[in-house]
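First the structure, in the form of structure tokens, and then the observations on it.
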Amino acid sequence: MDESADAASATATPPARTEADAEAFYRAEHPRLWAYLTRACRDRAMAEEIAQESFVRLLASRGATLAPEARRGYLYRIAENLRIDLARRRTRERAAPVDEAEAIAAPDADRADAPRSASRTTAAAFAALDERDRRLVWLAHVEEWSHAEIGRLLGYATASVKVALHRARRRLAERIEEENRK
Amino acid sequence: MTTPSDATSVERTEAGIDAALRELAATTFAEAPSPPPFAVVRLFAERRREEAHQRRALRGLALASALPLVAVGIAALVAPLPASDARGFAALVAAFGAAALAASAGALRRWIAAGRG
């Protein structure tokens, strides 16, 4: 989808201003945002915190009156900024002990008691990707965002998103293959 | 190094990536905690908005409090009074200045406290 199409769809949809619309948006988007953040940050507690704070900030801002597509972009932008802030703070504090850091690295991938299912293999392979690849793949293939939308959120050119996404998919395929060999 | 058989294998795996990601997404969504009640999030947002409004108001008050002092200072520079009137004028400026400084200092202190809170 190009810029003009995005702008047209954003203006064509009437902005959601009623409380019911806001609540429906919250109910639909909260789990999706949490899932994205969980897979991007590999930290469920952090994802939960960021998701809630993102909605608080969205509702307190004028972004809450945007059309749904634009509002979703605005919400994810808030979440991205919060995620970056928290990651920086965590790096500065270096509070997480080694064991905790390892648990964060693969939240559900390497639990010894869990059976090794296809989903677990994918989870392990996905967790092994670097952060940028995880965000790209999730937004493109789970959230089904356009390259332009992803570029706007992550600050890349649309063409760069396409190339980076192709490489990220390739790396994911290789990781899955490696996991299957284990 | 990637051998031809490895490459074929990777392509085969890649073909199944969409299905694998769909499954991963479904698993992740199923694990998502139920979100806090919307009313609670709305309440926090309203409080946040009120705080922002209060900060803006305090900033305005701080600026407005300093204005008389600035105005008197500019007037003194633009149109200085004759020496005979200067003592009375200086007293007036000092009184104005003290009042404005006290008010703006108070407003600034509240503004900073609100920002920290």
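The analysis underlying the following values was restricted to heavy atoms, covering all of them including side chains, and did not include hydrogens, waters or symmetry mates. So that the names make sense, note that chain A is the first sequence line, chain B the second, and so on, each numbered from 1.
Sorted by first and then second residue, the salt bridge (Lys or Arg N to Asp or Glu O under 4.0 Å) pairs involving residues 58-80 of chain B (not counting sequence neighbours) form an empty list.
Remark: A:Arg62 engages no residue in a side-chain contact (heavy atoms from CB on, under 4.5 Å) (not counting sequence neighbours). Residues that satisfy the side-chain hydrogen bond (donor to acceptor under 3.5 Å, both in side chains) test with A:Glu143, not counting sequence neighbours, are A:Arg32.
Of the listed residues B:Pro36, B:Ala52, B:Ala26, the one with more heavy-atom pairs under 4.5 angstrom with chain A than any other is B:Pro36. Heavy-atom pairs under 4.5 Å with chain B peak, among A:His141, A:Arg27, A:Arg57, at A:His141.
At most 12 heavy atoms of other shown residues, nucleotides or ligands fall within 6.0 angstrom of atom CZ in A:Arg167. Heavy atoms of other residues, nucleotides or ligands lying less than 6.0 angstrom from CZ of B:Phe44 number 12 at most.
For A:Tyr36, no part lies under 4.5 angstrom from a heavy atom of chain B. Proximity to chain B involves both the backbone and the side chain of A:Phe55, based on heavy atoms less than 4.5 angstrom apart. If you measure heavy-atom distances from B:Arg42 to chain A, the contacts under 4.5 Å come from both the backbone and the side chain.
Along residues 129-138 of chain A, the residues that come nearer than 4.5 angstrom to chain B, judged on non-hydrogen atoms, are A:Val137, A:Trp138 in order of number.
Salt-bridge formation is not detected for the pair A:Glu178/A:Arg181: no Lys NZ or Arg NE/NH1/NH2 atom is positioned less than 4.0 Å from an Asp or Glu carboxylate oxygen. The pair A:Glu29-A:Arg71 fails the salt-bridge criterion, with no side-chain N (NZ, NE, NH1 or NH2) lying under 4.0 Å from an Asp/Glu carboxylate O.
Looking at every heavy atom in both residues, A:Ala51 comes nearest to A:Leu33 through CA-CD2, 3.9 Å.
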